[in-house]
Amino acid sequence: MNAGSGATAAHWAAFFTSTNRLAAIGETFLIAALSAVISTIIAVPTAYGLYRMKSSTWRFVGIFIVFAPLMTSVIARTYGWSLLLGQKGLVNWAVGLFGLPPLEMLYARPAVVIALVHIFLPFVVFPILSSLGQVDGALRDAAMDLGARPWTTFRRVILPLILPGIIAGAQITFALSMSSFATPSLLGGGRVSVLATLVYSDVNTVQWSMAAVTSIVLLVLAVIVLGLFTLAQRRAQVGGAQGVTAAPGEKGIKAGLSIWLIAVYVFVLSPLVIIIISSFSSASYGAWPLPGWSTKWYTNLLSQDGLAEAAYASVFIAIWSTIIVLVIGTMASVSFHRYRSIVLRGVSVFSLAPMVVPKVTIGLAAFLLLNVTGVLDGVAGIIAMHVVITLPFVIIVVTSALSRTDATLDDAARDLGANPLRAFGASTLFAIRPSLIAAGLFAFIVSFDEVDMTVFLLKPGQETLPVWMFTYMQKYQDPTLAALASLLIALSLVIAFVAGLFLLRGEKAALTPSH
């Protein structure tokens, strides 16, 4: 990139005098705001319904349904919504049954917002569930005993106490929606222009300076918005500080909330189900109802150029990045957990930054850095950046597991003559093993599915599986992609289920008294 101070000033001036760039800022904010608001409106009653369930089995099933799609490919879920919202998709087929004209949703803002809500809904449900776990259930029972109706009790008692969790979920969704690239690009069809898609377009047209300016603007806007959310969350925490109690309260949900949960389950699962059904279509286009049944699209996968190489590259990158991030993440988590200092506190906050920094910003910065320095060229550079973006997931899971371990076991092992490394392996490492395996599975899935950043780092002729799917979806709409997505959905759901079992086993082990 060759740009002096004059060129840089010129590119900044060009950005802020461009009608398209300024419109993209507004579109980015609008899509992010709609996604955050709608996700929050759906997530609050959903989390409350899951929390209030009497049966732990059905609660586990509900949580699994809400969170499992998070483990499936973002390209697959985007493709599912294109099948649902297309001109001849399931939604317009249902609309036609009532004699109404087809809805124009695909390649417009509504399709992008709906898909983003589907993708990021779990990020809102999770912090709200965590906040509900800290609410004293006796407060709700007391309000009911004093004659308050269920809605009044929820609005006046529960809602203020879980407000920090609601704000946290909305904050994550807003930030991730602002930086989303693949979904607006595929479902927007070039008609929905956001800052992330402009960065990608600038890179493709070799406008490095304009790509850098647009990326910086996106980063600054994200930081400002996140700062405002942080201030709101602090005010909510001051007003609703409660502390954890051991009073769960009487649980149970009424028919209305049950119907709501079923509707959410349908919304969450519908793109995945439509993909699987469409993969057996006899037609070479997406249409509903299916004109016939066939398995030819699964056979067609075997003849796709570059697919095997892309799949191998994704597996190779995901395995190595997972191994490296587990080592680094575990060492960092142990340091953050055992030692207290201003430096470590700052490092711990910095290590979580990749969760909120736009992926396209990381991708462009990594591309420029790796090309200028010449280090970690090719696949090694991609692995290094995948370690960066998966590190927060490992630190969060492992640190949480360490907080439930007994630190005296390490001391006892060292008192018996074991060196620090052996003592850690025999006690703490053994205790956190289920969570460590779960963190590794999550890191593998995140790395395997990464597209927003990886697309900037691949050289000509290189492709990972998500990037191959992204390119294929831009060119074709036949069910070959549905067949591949169905296989990935099955694999991801199995991995998500196994990860859930390991986390559950870790919690049970932590609650079991040692002898």
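Between the OG atom of Ser486 and the CG atom of Leu491 there is a distance of 12.5 Å, given to the nearest 0.5 Å. Atoms CD and CG, from Gln304 and Leu484 in turn, are 9.0 Å apart once rounded to the nearest 0.5 Å. Going from atom CG of Leu195 over to atom CG of Leu221 covers 6.5 Å, rounded to the nearest 0.5 Å. Going from atom CG of Leu457 over to atom CG of Leu369 covers 10.5 Å, rounded to the nearest 0.5 Å. Remark: Trp297 CH2 to Ser279 OG distance equals 11.5 Å, nearest 0.5 Å. Taken to the nearest 0.5 Å, the CZ atom of Arg77 stands 9.5 Å off from the CD1 atom of Ile75.
Leu84 is listed as a side-chain neighbour of Ser270, based on a closest heavy-atom distance under 4.5 Å. Between Val379 and Trp320 there is no side-chain heavy-atom pair separated by less than 4.5 Å. Counting heavy atoms from C-beta outward, Val199 and Phe181 have side chains that stay 4.5 Å or more apart. The shortest distance between side-chain heavy atoms of Leu391 and Ile328 falls below 4.5 Å. Within the 4.5 Å cutoff, side-chain heavy atoms of Tyr472 are placed close to those of Asp478. Side chains of Ile25 and Phe15 form a contact here, defined as non-hydrogen atoms less than 4.5 Å apart.
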*asked:* Pair Leu465, Leu307 - check side chain to side chain contact (heavy atoms under 4.5 Å, CB included), show working.
replied: CA-CA 7 Å; Leu465 190 57; Leu307 177 58; 3.4 Å; yes
*Give the intermediate values and the outcome of side chain to side chain contact (heavy atoms under 4.5 Å, CB included) for residues Tyr298 and Thr480.*
CA-CA 7 Å; Tyr298 287 90; Thr480 300; over 6 Å; no
*List the steps and the verdict of side chain to side chain contact (heavy atoms under 4.5 Å, CB included) for Ile275 and Tyr79.*
CA-CA 8 Å; Ile275 287 173; Tyr79 177 65; 4.3 Å; yes
*Check the pair Thr78, Phe470 against side chain to side chain contact (heavy atoms under 4.5 Å, CB included), reporting the backbone distance first and the verdict last.*
CA-CA 10 Å; Thr78 300; Phe470 175 79; over 6 Å; no
*Please assess Ser35 against Thr173 for the test side chain to side chain donor-acceptor pair (under 3.5 Å), listing each intermediate value before the final yes or no.*
CA-CA 7 Å; Ser35 302; Thr173 303; over 6 Å; no
_Steps toward side chain to side chain donor-acceptor pair (under 3.5 Å) verdict (Asn20, Ser18)_ = CA-CA 5 Å; Asn20 292 333; Ser18 169; 5.0 Å; no
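With sequence neighbours excluded, no residue satisfies side-chain hydrogen bond (donor to acceptor under 3.5 Å, both in side chains) with Asp452. Listed by chain and number, the residues in a side chain to side chain contact (heavy atoms under 4.5 Å, CB included) with Ser193 are Ala24, Thr197, Leu198 (sequence neighbours excluded). With sequence neighbours excluded, the residues satisfying side chain to side chain contact (heavy atoms under 4.5 Å, CB included) with Ala32 are Phe174, Ser177, Met178. With sequence neighbours left out, Ser278 forms a side chain to side chain contact (heavy atoms under 4.5 Å, CB included) with Leu83, Ile274, Ala482. With sequence neighbours left out, the side-chain hydrogen bond (donor to acceptor under 3.5 Å, both in side chains) criterion links Arg21 to Asp202, Thr214. Ser39 pairs by the side-chain hydrogen bond (donor to acceptor under 3.5 Å, both in side chains) definition with nothing, not counting sequence neighbours. Evaluation of the ring-ring contact (aromatic ring centres under 6.0 Å, His included) rule for Phe126 yields no partner, not counting sequence neighbours. The side-chain hydrogen bond (donor to acceptor under 3.5 Å, both in side chains) search around Thr205 returns Gln207, not counting sequence neighbours. Every residue was checked against the ring-ring contact (aromatic ring centres under 6.0 Å, His included) condition with Phe456, not counting sequence neighbours, and none meets it.
Across all their heavy atoms, Gly169 and Val124 have their closest contact at O-CG2, 3.7 Å. The two atoms that bring Ala443 and Val325 nearest to each other are CB-CG1, 4.0 Å, heavy atoms only. Residues Val394 and Ser333 share a closest heavy-atom pair of O-OG, 4.3 Å. Shortest non-hydrogen contact noted between Thr390 and Ser447 is CG2-N, 4.1 Å. Closest non-hydrogen pair, His386 versus Met453, comes out as CD2-CE, 3.6 Å. Summarising the geometry of Thr183 relative to Ser180, their closest heavy-atom pair is CB-OG, 4.0 Å, with the distance given to 0.1 Å.
Asp449 contributes no side-chain N or O that, together with a main-chain N or O of Pro466, makes up a donor-acceptor pair within less than 3.5 Å.
Ring geometry for Phe16 versus Trp12: interplanar angle under 30°, hence parallel rather than tilted (30 to 60°).
Counting only residues at least two apart or on different chains, no salt bridge (Lys or Arg N to Asp or Glu O under 4.0 Å) pair has a member in residues 207-227. Judged as a salt bridge (Lys or Arg N to Asp or Glu O under 4.0 Å), not a single pair has a partner in residues 182-198 (not counting sequence neighbours).
Inspection of the Thr464 and Thr454 side chains reveals no N or O donor paired with an N or O acceptor under 3.5 Å.
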For residues 106-119, tabulate all N or O donor-acceptor pairs below 3.5 Å that involve a side-chain atom, not counting sequence neighbours.
residue: Arg109; atom: NE; partner: Glu27; partner atom: OE2; Å: 2.8
residue: Arg109; atom: NH2; partner: Glu27; partner atom: OE1; Å: 3.1
residue: His118; atom: NE2; partner: Val268; partner atom: O; Å: 2.7

